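Below you'll find the structure, written out as structure tokens, and then a few comments.
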Amino acid sequence: MKAGSGILLVSPSDEHAVIVEEFALEFGHEFLRLKRFEELLETSYRPNFLLLSHSAAADSGASLSELTQCAKQSMPNVFLTVLAEKELKKEDATFLRKCGANLVLLETELSTTSKLQFAASQILRSSFLPLKPTDLVSGTEVPFTVYHLLPMRKKFLPVIHSGDAVDPVRLERLGSVPEYYIRREDAFAFKTYVDAVSGQNPAATERRCRANYLALSADYLELALLLSDRSEVASYGEGQQLLVRCNKLCEDLLSNIGSYSEAWNVTNQSTVGEFGSLERAPAITTYCGLFGLCLDQQNVAQVMLSALFANVALLLAPPALTSALRSGRTLSKEEDAWMAKVPETSLKLILDRKLSFEEKWRRILLSVNIQGQELEEHRFRSQIQMIQMARTFDERSCVRMGQERTDPRLALGEITKFDHTTAPHQKQFARMLSEKLQHAQLMT
């Protein structure tokens with residue numbers, strides 16, 4: 001099995017199998033389907049992502065909660081998604097989570113939403129997050145395990161264990177490899193470590209940028225899944241804590257990216273996901289912050305938070321729509337209409353969880369797609385244009401599989417041109433941003 005790429009479905013439903021296998025093929029993941037739960041206990045296959053259907057429980061004679069608990073005991077490190085037949089009562093959903101379910105979906109959501117695509121792609125593709133040898137400081141003790149990827153075997157090999165000290169000899173040896181990895185769940189431990197060994201040199205600034213960005217990405221993943229989870233145990237307290245942390249991480253990230261001219265590369269090298277997918281939200285948020293700093297905007301961290309959650313409703317989008325966004329296919333009229341409602345639906349997801357999102361930032365989030373005269377007259381025009389420009393920059397500069405990396409500075413030059421191709425309502429903003437970026441020496 002490929003490291004970090006295995007999907008296992010336990011379901012007698014052929015329809016489930018077709019949907020999940022199609023997704024696995026699109027993303028290059030290995031796929032195995034078992035029809036009966038008893039087969040799960042007999043297999044030696046150890047996936048990273050397991051889908052357990054209620055229909056498997058019905059065939060076994062056991063309850064779904066019993067099988068969930070058994071599956072988690074058999075595979076304690078797997079990300080376990082439970083497919084429920086119908087909307088669950090609060091106490092039933094809560095119990096499934098306590099039994100080990102990481103995510104609860106209705107089986108109808110396999111074909112009507114992109115929750116599976118987001119959860120599986122993030123869990124599988126970002127199980128390990130990249131860091132550089134320069135992110136480790138000689139003489140310090142690391143509170144996380146550092147891994148080296150063996151490309152031929154597609155296996156992550158631990159090279160420094162949690163609690164080990166980084167000695168000069170080991171650090172020199174690590175420097176022979178351009179990239180190492182930590183587990184996604186250790187992102188906040190990495191940030192804590194970086195904060196403790198902080199310095200004032202360029203390497204320390206890059207280290208802080210990466211640590212903040214990885215922590216923000218990890219918390220955003222957790223909160224995005226929580227917002228769409230059918231389990232009511234994922235409630236106000238848990239969600240509000242994550243929202244507060246995301247806000248604080250935006251503030252911390254903002255304090256670093258303005259002083260590091262290569263912040264684009266930190267973001268580009270650390271982001272998982274094709275443009276148009278929900279996975280790009282942390283990158284767009286970072287670029288929005290950098291543009292806000294250049295333009296001397298107020299409350300930039302809060303605008304970043306609006307940018308972070310403006311597209312969270314893509315979790316609910318039909319799989320064909322998010323597939324089109326990833327591939328660049330032209331959207332149909334129905335898909336365009338669906339996309340137009342994304343900001344409104346995103347805000348509803350946040351408010352349905354009763355999370356604290358200030359009225360001002362709600363209005364910015366709701367307006368991120370407006371154009372023309374409506375934008376010209378909007379009270380928060382500059383903040384909205386920051387988000388729009390950040391999206392455009394991410395589209396031009398993101399790293400795509402099989403394509404040559406785009407120089408982010410050249411991409412900046414392209415999107416800030418204010419010639420005849422620039423929309424009238426964007427010309428003044430593009431001119432001002434271009435001047436500021438050149439002054440800050442962030443653009444060629």
Side-chain angles (χ1 to χ4, degrees), residues 1-13 16-17 20-21 24 29-86 88-107 109-110 115-116 118-128 144-145 147 155-156 158 161-162 182-187 189 218 221-222 225-226 228-235 238:
M1 185 190 71
K2 295 180 181 179
S5 62
I7 300 177
L8 174 60
L9 169 68
V10 183
S11 173
S13 168
H16 291 172
V20 179
E21 184 173 20
H29 302 315
E30 288 189 348
F31 171 72
L32 177 66
R33 180 247 189 134
L34 304 175
K35 293 185 177 181
R36 299 181 299 107
F37 182 81
E38 288 76 12
E39 296 177 82
L40 179 67
L41 303 179
E42 299 169 358
T43 184
S44 60
Y45 189 72
R46 286 297 177 264
N48 295 90
F49 197 94
L50 171 65
L51 290 100
L52 175 61
S53 168
H54 70 90
S55 51
D59 288 350
S60 72
S63 69
L64 185 57
S65 57
E66 288 175 324
L67 296 192
T68 299
Q69 189 172 30
C70 186
K72 197 66 173 181
Q73 289 174 345
S74 176
M75 300 178 180
N77 296 321
V78 76
F79 186 93
L80 175 56
T81 296
V82 172
L83 301 177
E85 181 180 16
K86 57 186 178 181
L88 299 173
K89 295 180 180 179
K90 178 180 177 180
E91 55 269 23
D92 293 336
T94 299
F95 191 60
L96 278 176
R97 291 268 298 222
K98 289 182 178 178
C99 289
N102 299 100
L103 184 65
V104 180
L105 298 180
L106 301 182
E107 68 172 351
E109 290 182 311
L110 276 183
K115 293 181 184 179
L116 169 68
F118 176 64
S121 64
Q122 283 290 279
I123 296 304
L124 295 176
R125 293 167 65 180
S126 63
S127 295
F128 290 85
F144 46 83
T145 299
Y147 296 85
K155 183 177 180 180
F156 287 92
H161 293 276
S162 178
I182 58 172
R183 289 189 176 275
R184 189 189 59 260
E185 53 266 32
D186 285 333
L221 165 64
E222 190 173 347
L225 292 177
L226 181 149
S228 67
D229 199 338
R230 292 289 175 176
S231 170
E232 289 300 323
V233 71
S235 60
E238 184 180 356

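Just so you know, these numbers come straight off a predicted model, no measurement behind them.
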- Item | Nearest atoms (heavy-atom pairs only) where I7 meets A24 | CD1-CB, 4.1 Å

- Note on the structure: Scanning both residues in full, the closest heavy-atom pair of L80 with A71 reads CD2-CB, 4.4 Å

- Kindly compute the distance separating CD (Q69) from CG (L96), expressed to the nearest 0.5 Å. 10.5 Å

- Residues at least two apart in sequence or cross-chain that pass side-chain contact (heavy atoms from CB on, under 4.5 Å) with E185, listed by chain then number, are R183

- Item | Those residues that, when tested against S13, pass side-chain contact (heavy atoms from CB on, under 4.5 Å) (two or more places apart) | S11, E15, H16

- Message: Angle between ring planes, Y147 versus F128, binned at 30° and 60°: parallel, tilted or perpendicular?
- Response: perpendicular

- Distance (rounded to the nearest 0.5 Å) between E66 CD and F37 CZ: 10.0 Å

- Trace of the side chain to side chain contact (heavy atoms under 4.5 Å, CB included) decision for K115 with L106: CA-CA 10 Å; K115 293 181 184 179; L106 301 182; over 6 Å; no

- Query: Looking at side-chain heavy atoms only, is the closest gap between H29 and F49 below 4.5 Å?
  - Reply: no

- Mind running side chain to side chain contact (heavy atoms under 4.5 Å, CB included) on C70 and L40 for me, showing each step along the way? CA-CA 10 Å; C70 186; L40 179 67; over 6 Å; no

- Item | F118 side, atom CZ; L221 side, atom CG - distance, nearest 0.5 Å | 5.0 Å

- Task: With sequence neighbours excluded, tell me which residues meet ring pair (Phe, Tyr, Trp, His ring centres under 6.0 Å) with F144.
- Result: F190, Y193

- Message: Using the side chain to side chain contact (heavy atoms under 4.5 Å, CB included) definition, which of the options V82, L105, L103, L83 pairs with L51?
- Response: L83

- Just by distance, do the side chain of N102 and the backbone of T81 share a donor-acceptor pair under 3.5 Å? no

- Message: Using every non-hydrogen atom in the two residues, find where V78 and P47 come nearest and quote the distance to one decimal.
- Response: CG2-O, 3.6 Å

- Query: Do you know the tightest heavy-atom contact between E39 and R36?
  - Reply: OE2-N, 2.9 Å

- Message: Looking at every heavy atom in both A187 and I182, which two are closest together, and how far apart are they?
- Response: CA-CD1, 4.3 Å

- Query: Distance from K98 atom NZ to S65 atom OG, nearest 0.5 Å?
  - Reply: 12.5 Å

- Go through T68 and F95 one step at a time and tell me if the side chain to side chain contact (heavy atoms under 4.5 Å, CB included) criterion holds. CA-CA 10 Å; T68 299; F95 191 60; over 6 Å; no

- Here the pair of heavy atoms bringing R33 nearest to L8 is N-CD1, 4.5 Å

- Message: One pair to check against side chain to side chain contact (heavy atoms under 4.5 Å, CB included): L67 and V10. What are the steps and the verdict?
- Response: CA-CA 11 Å; L67 296 192; V10 183; over 6 Å; no

- Message: Taking NZ in K35 as the centre, count heavy atoms belonging to other residues, nucleotides or ligands within less than 6.0 Å. Is the count above 12?
- Response: no

